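Keep in mind that what you see is a predicted model, and the values were worked out from it rather than measured. Below, all heavy atoms of this structure are taken into account, side chains as well, without hydrogens, waters or symmetry copies. Each ligand, and each atom within it, is numbered from 1 in the order the structure gives.
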Amino acid sequence: MKVVALDAAGVEQHLGALAQLLLDAHASGMALGLAPALSRAGAEAAWLETASRLEPGERVQLASLDGDDLVGAVHLARSTAANGRHRGEIQRLVVRAGRRGKGAGRLLMDAAVEHARSLGLSLLWLSTHAETDADRIYGQLGWTRSGVIPDYALLPSGDLAANAFYYLKLTSID
Ligand SMILES: CC(C)(COP(=O)(O)OP(=O)(O)OC[C@H]1O[C@@H](n2cnc3c(N)ncnc32)[C@H](O)[C@@H]1OP(=O)(O)O)[C@@H](O)C(=O)NCCC(=O)NCCS
């Protein structure tokens, strides 16, 4: 398995598999920033919107490939705030439902952190629905849970849920 950066053409090439990732995530109760109910057309539109905003050093789309098979993805977005250019947000981490629990998520997160380091970023943050598997996985990956905001986002079920916020400082490698 390898992790590659997709440009807009790469996103379009893998559009079906990328859309399936989002549908799998919604089926698992994880919204990944998208409102319910998510259709395949809605998932494809979300990726095309992402593709249109890709820009090296600012918004980077990583994907894990097993041969030609796209099995997971993660997005890195550098802050546009003038006083936050050292900071990036990890978004839309997702692995195909049938491929989870075998290291693909760790591989993607390691690649995203490495890419962030290569851009000179010194702080990463992310949020995820609280009390989910993802909420437990980030701690396992070395991230610090800084707190929870109630009623933060809609779940695929349509219910509002709390999100947990995490950060990872990149300044020291130890
Ligand atoms: C979250 C997700 C991307 C993780 O991908 P994955 O391929 O299953 O993760 P991995 O197999 O690489 O596991 C990563 C680490 O978390 C650990 N882990 C897995 N499930 C866990 C759980 N429920 N509790 C605690 N740790 C867990 C693994 O043991 C592994 O740690 P290790 O490398 O030290 O053994 C995947 O489950 C997914 O796509 N879920 C649906 C979408 C989602 O929730 N995305 C996150 C949105 S913020």
Side-chain angles (χ1 to χ4, degrees), residues 1-6 11 14-40 42-44 46-47 49-50 59-67 69-79 87-116 121 123-168 173-174:
M1 189 120 62
K2 63 177 178 181
V3 177
V4 299
L6 298 180
V11 170
H14 293 285
L15 195 58
L18 287 165
Q20 189 60 49
L21 290 179
L22 297 180
L23 293 168
D24 283 2
H26 269 237
S28 310
M30 301 300 285
L32 302 194
L34 299 171
L38 186 66
S39 63
R40 177 163 289 277
E44 290 185 357
W47 283 114
E49 198 266 339
T50 297
R59 287 190 159 268
V60 179
Q61 182 59 51
L62 300 178
S64 52
L65 297 176
D66 186 1
D69 237 12
L70 188 147
V71 301
V74 66
H75 191 83
L76 172 65
R78 185 180 202 138
S79 171
R87 184 176 75 221
E89 181 183 358
I90 297 289
Q91 300 172 346
R92 216 182 268 173
L93 170 71
V94 58
V95 170
R96 276 295 295 270
R99 305 293 293 259
R100 293 179 193 156
K102 295 175 189 146
R106 178 180 276 279
L107 189 70
L108 282 161
M109 288 298 281
D110 286 351
V113 167
E114 190 185 324
H115 199 94
L121 300 185
L123 177 69
L124 291 175
W125 71 279
L126 62 81
S127 85
T128 190
H129 302 313
E131 307 305 332
T132 58
D133 280 345
D135 191 8
R136 291 173 272 278
I137 287 170
Y138 292 120
Q140 182 68 22
L141 295 179
W143 288 61
T144 301
R145 195 178 196 262
S146 57
V148 169
I149 299 181
D151 290 350
Y152 187 78
L154 285 176
L155 294 172
S157 65
D159 296 328
L160 273 178
N163 261 35
F165 285 73
Y166 284 81
Y167 70 88
L168 184 72
I173 304 172
D174 43 44

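- Nearest protein heavy-atom contact of atom 10 (P) of ligand 1 is Gly103 N, 3.7 Å.
- Considering backbone and side-chain N/O atoms, Lys102 comes within less than 3.5 Å of an N/O atom of ligand 1.
- The shortest contact between atom 44 (O) of ligand 1 and any protein heavy atom is with Met30 CG, 3.2 Å.
- A distance-only check finds a donor-acceptor pair linking the side chain of His26 to the backbone of Ala31 [under 3.5 Å].
- Under a 4.0 Å criterion applied to the non-hydrogen atoms of Leu32, ligand 1 contributes the atoms 45 (N), 47 (C).
- Proximity to Ala104 (heavy-atom distance under 4.0 Å) selects the following atoms of ligand 1: 7 (O), 12 (O).
- Interatomic distance, Ile90 CD1 to Ser127 OG, rounded to the nearest 0.5 Å: 12.0 Å.
- The protein heavy-atom contact nearest to atom 5 (O) of ligand 1 is Gly105 CA, 3.4 Å.
- Of the protein's non-hydrogen atoms, Arg136 CB, 3.4 Å is the one closest to atom 24 (N) of ligand 1.
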*CA sep, side-chain torsions, deciding dist, call: Leu21, Arg96, side-chain contact (heavy atoms from CB on, under 4.5 Å)*: CA-CA 5 Å; Leu21 290 179; Arg96 276 295 295 270; 3.6 Å; yes

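- Here the heavy atom of the protein found nearest to atom 3 (C) of ligand 1 is Leu93 CG, 3.5 Å.
- Considering only heavy atoms from C-beta on, Leu93 comes within 4.5 Å of Tyr138 through its side chain.
- When the options Gln140, Arg100, Met109 are ranked by their closest heavy atom to atom 41 (C) of ligand 1, first place goes to Arg100.
- Taking distance alone, with nitrogen or oxygen atoms compared against 3.5 Å, Gly101 approaches ligand 1 more closely than that limit.
- Considering both main-chain and side-chain atoms, Ala134 never comes within under 3.5 Å of ligand 1 through any nitrogen or oxygen pair.
- Inclusion of Thr128 in the set of residues having an N or O under 3.5 Å from an N or O of ligand 1 is not warranted.
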Determine all donor-acceptor pairs shorter than 3.5 Å in which one atom belongs to a side chain in residues 108-116; sequence neighbours excluded.
none

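- Between Leu168 atom CG and Leu123 atom CG the span is 8.0 Å, to the nearest 0.5 Å.
- Relative ring orientation between Phe165 and Tyr152 is described as perpendicular, the plane-to-plane angle rising above 60° on a 0-90° scale split at 30° and 60°.
- Of the possible donor and acceptor atoms, one in the side chain of Trp47 sits under 3.5 Å from a partner among the backbone N and O of Leu18.
- In this structure, Gln61 CD and Leu6 CG are separated by 6.0 Å, a value rounded to the nearest 0.5 Å.
- Under 4.0 Å from ligand 1, not a single heavy atom of Leu108 appears.
- Neither the backbone nor the side chain of Tyr166 has any atom closer than 4.0 Å to an atom of ligand 1 (non-hydrogen atoms only).
- Scanning all protein heavy atoms for the shortest distance to atom 23 (N) of ligand 1 gives Asp133 OD1, 3.3 Å.
- For atom 39 (O) of ligand 1, the closest heavy atom belonging to the protein is Val95 N, 2.8 Å.
- The nearest protein heavy atom to atom 8 (O) of ligand 1 is closer than 4.0 Å.
- Among all non-hydrogen protein atoms, the one lying nearest atom 33 (O) of ligand 1 is Arg106 NE, 2.5 Å.
- In this structure, of Ile90, Asp110, Ile137, the residue bringing a heavy atom nearest to atom 19 (C) of ligand 1 is Ile137.
- Inspection of the Arg99 and Ser64 side chains reveals no N or O donor paired with an N or O acceptor under 3.5 Å.
- At a distance under 4.0 Å, no protein heavy atom can be found next to atom 29 (O) of ligand 1.
- Between the side chain of Glu89 and the main chain of Leu76, no donor-acceptor pair closer than 3.5 Å is present.
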*Given side-chain contact (heavy atoms from CB on, under 4.5 Å), test Thr128 with Met30 step by step and report yes or no.*
CA-CA 8 Å; Thr128 190; Met30 301 300 285; 3.3 Å; yes

